[in-house]
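Hydrogens, waters and symmetry mates are skipped; everything else that's a heavy atom, side chains included, is used. Reminder, nothing fancy here: chain letters follow the sequence lines and each chain counts from 1.
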Amino acid sequence: MKRALAGPALAILCAMLAYELGLSLLPRLIMNATMHGIVRRAGDWNSIYHAPRASASDRRMVMPSPDMLYSACPYDLKAGPLQVLAQVPLGVYWSLSAYDDENGNYYAVNDLQASGRVAFVVVPEASPTQAFEASGARVLHSPSRRGVVLLRTLSDPRENGAETLEALRRESNCRTLPAKSAGSNDAGRYNAAPSGVLRRA
Amino acid sequence: MQGLWGESRVRWLGWAMLGLVCGLGIAVGRSYWLSNFNEVSVGPWQASSSLGSRDAGRLARAGLALNGILALNRHEALYYFAESDSGGRRLSGRCAYRIEGEDPDARWWSLTVYGPDRFLVRNPQHRYSADRNSVTRRDGRRFVVRLDRDLDWVDRDWIALPAGDFFVALRLYNPADDSVNAPQTARLPEIVRERCA
C-alpha cells in the first residue's frame, strides 16, 4: 500500500515545488524574453529602439496601444550607468517609465513633470549619485542589473503633427555612460538646452 | 535485479515529471486566468489596482507579467477591461454595441478593442481605438463610440470588431487622484448592446 502511494506522493511534492518555482520565476522569464526581443531590434543592450506604431499585423507584444509611439531602451548596467536623453514634446501626453527585470514599474515621469530636453541616468541601487545630480541629470535607482526604460508619446495618426512627433521622438536616445563621466557635466548636458523648443506642427 | 531497478527508476522519474508539469501548468494557468484583474469592478469594467506595481503578491506579479507586460503603475495610468456589456452578456463580434458616457476623470483616455488572442483586430480601415481627442461629443459632454463589424468607415467614432469574442481596454492616463485612490469609484462609460446578427 505504502509503495503504491509513494509515486503519487512524489508527484504531488514535485507539483508543489514546480508551482512555487513557476510563480517566482515567471515574471523574470517573461521580462527576460521581452528584453531580449527588444535587444534584437535595438541591436544591443543600452541602445534605443523606436518601435513602429502598433497595428493588427504586429504580433510581438499583447495588448499594444495603437495611440502611443513606443521607444525602448533595454539596459544592462554591467558596463556602467545608462544615460537616456529624452525629448519631451509640448502639449501631448509623454512619459518615461523604468522597469526592473521582474516587470516592476519602479519609476515614471510625464510631460507635466519634465519639459524640453531631459537627461536621465540609471544606476544600480545604492550607487553614489551626487555627481550625476550635480550635472543636472535625473537619477533612477534600478533594483536589478537589467531592465527597460520605456518612452511613450501620444500620437494620433489622423491628426496634424503626427509626423513631427514621430521625428521628435527619434531624437531621444540612450547609451552606456563611461565611468569617468560621473564627475563631469556629460551626464546631464542636455539639461542645458532651452526647453520649449519642441512644438507640434 | 538491474532490470528491476531500471524499471523502478523510470517509474519514479515518470511520477516526478508528471508532478513538475502539473505544477508548472497550474502556476501558469492560475497566473493567466485567476490573477487579480477583477479585484476592482465598475459596471462591466474590471481592473487590477496592482498593475505595474512592485508591491503586488507573487501570483499577481506572475499574472501581470503574462497579461500586462510593461504596464504603468496606477499613479500614471489606470487600465480597465470589459469582457461583457453593461447587461452582463459576453461581448461578441456577432453583435453591435455603443459605448456611451462622459469623459472619465483623467487627462487623457482611450478605448481599444482586442480579439481573444489579445492583439488588435484586423480591419481594412485600421480602426482599432477611439480616444478623448478623437470622439465627438453631444451637448458638449456625452460621447458615443460604436463597435460594429459593418459600420460605414467614414464614421469617426467607430471601432471595428472581430467575428468572434472580443474585449475592450479603457486606459486612463494621469487619472484624477480620487480614481487612483479608489479605482472602483471612477466614472466610466456604459457598454450597450444594440443588435445581434
Side-chain angles (χ1 to χ4, degrees), chain A residues 6-31 33-34 54-68 70 72 92-93 95 97 99-100 102-110 112 143 148 150 152 154 156-159, chain B residues 11-12 14-28 30-31 51-56 58-59 61-73 75-77 79 81 107-108 110 112 114-115 117-123 126 128-129 131 133-134 156 160 169 171 173-174:
Chain A
L10 176 68
I12 290 169
L13 193 71
C14 288
M16 289 165 66
L17 199 71
Y19 176 78
E20 295 297 327
L21 210 63
L23 279 192
S24 300
L25 293 180
L26 259 179
R28 189 161 295 179
L29 289 174
I30 292 167
M31 191 63 182
T34 303
S55 71
S57 54
D58 182 3
R59 317 307 264 187
R60 287 171 296 193
M61 201 174 286
V62 295
M63 289 194 279
S65 170
D67 312 296
M68 291 284 172
Y70 292 99
V92 294
Y93 177 84
S95 68
S97 46
Y99 301 83
D100 62 23
E102 290 190 336
N103 192 37
N105 177 203
Y106 67 88
Y107 181 88
V109 64
N110 61 51
L112 299 179
V148 173
L150 189 62
R152 291 172 165 88
L154 172 62
D156 186 336
R158 295 165 290 193
E159 284 190 6
Chain B
R11 204 163 42 232
W12 284 116
W15 282 113
M17 287 303 293
L18 178 70
L20 289 172
V21 169
C22 287
L24 274 177
I26 293 169
V28 173
R30 278 198 80 198
S31 306
L51 201 61
S53 168
R54 298 186 63 232
D55 303 322
R58 282 193 315 145
L59 179 61
R61 285 182 73 113
L64 298 174
L66 282 166
N67 293 296
I69 193 82
L70 302 180
L72 288 161
N73 67 56
H75 296 279
E76 191 60 28
Y79 301 83
F81 301 96
R107 186 173 161 217
W108 187 78
S110 73
T112 310
Y114 296 98
D117 57 2
R118 304 184 181 212
F119 291 110
L120 297 169
V121 176
R122 290 181 198 277
N123 69 93
H126 306 292
Y128 310 119
S129 66
D131 63 70
N133 299 342
S134 74
R156 190 175 168 89
R171 294 175 167 92
Y173 288 89
N174 295 155

Within this structure, what is the [atom1]-[atom2] distance for the pair [X] and [Y], rounded to the nearest 0.5 Å?
X       : Y       : atom1 : atom2 : value
C22(B)  : I12(A)  : SG    : CD1   : 10.0 Å
I30(A)  : I69(B)  : CD1   : CD1   : 6.5 Å
E76(B)  : Y107(A) : CD    : OH    : 10.5 Å
N174(B) : L112(A) : CG    : CG    : 5.5 Å
Y173(B) : Y93(A)  : OH    : OH    : 6.5 Å

If you look at every heavy atom in [X] and [Y], which pair is closest and at what distance?
X      : Y       : answer
M61(A) : F119(B) : O-CE2, 3.4 Å
A65(B) : N103(A) : CA-ND2, 3.6 Å
D67(A) : S129(B) : OD1-OG, 2.7 Å
A6(A)  : W12(B)  : CB-CH2, 3.3 Å
G19(B) : A18(A)  : O-CB, 4.5 Å

[X] portion near chain B, given a 4.5 angstrom heavy-atom threshold:
X      : answer
R28(A) : neither
A72(A) : neither
S95(A) : side chain
L21(A) : neither
L17(A) : neither
M16(A) : neither

Which one, [options], leads in non-hydrogen pairs under 4.5 Å with chain B?
options                         : value
L150(A), L29(A), L154(A)        : L154(A)
S57(A), G22(A), P64(A), A108(A) : P64(A)
S24(A), S97(A), S65(A)          : S65(A)
A54(A), A11(A), A9(A)           : A11(A)

Chain A shares the most heavy-atom pairs under 4.5 Å, among L70(B), D117(B), V21(B), with L70(B)

Any side-chain heavy atom of [X] within less than 4.5 Å of one from [Y]?
X      : Y      : value
V62(A) : L66(B) : no
L20(B) : Y19(A) : no
F81(B) : M63(A) : yes

Okay, R122(B) and chain A: the region with an atom under 4.5 Å from a heavy atom over there is both

When the 4.5 angstrom heavy-atom criterion is applied to A16(B) and chain A, the contacting part is both

| message | Treating Y128(B) as the side-chain partner and S55(A) as the backbone partner, does any N or O pair qualify as donor plus acceptor under 3.5 Å? | response | no

| query | Ignoring hydrogens and geometry, is there a side-chain-to-backbone donor-acceptor pair from N105(A) to N73(B) under 3.5 Å? | reply | yes

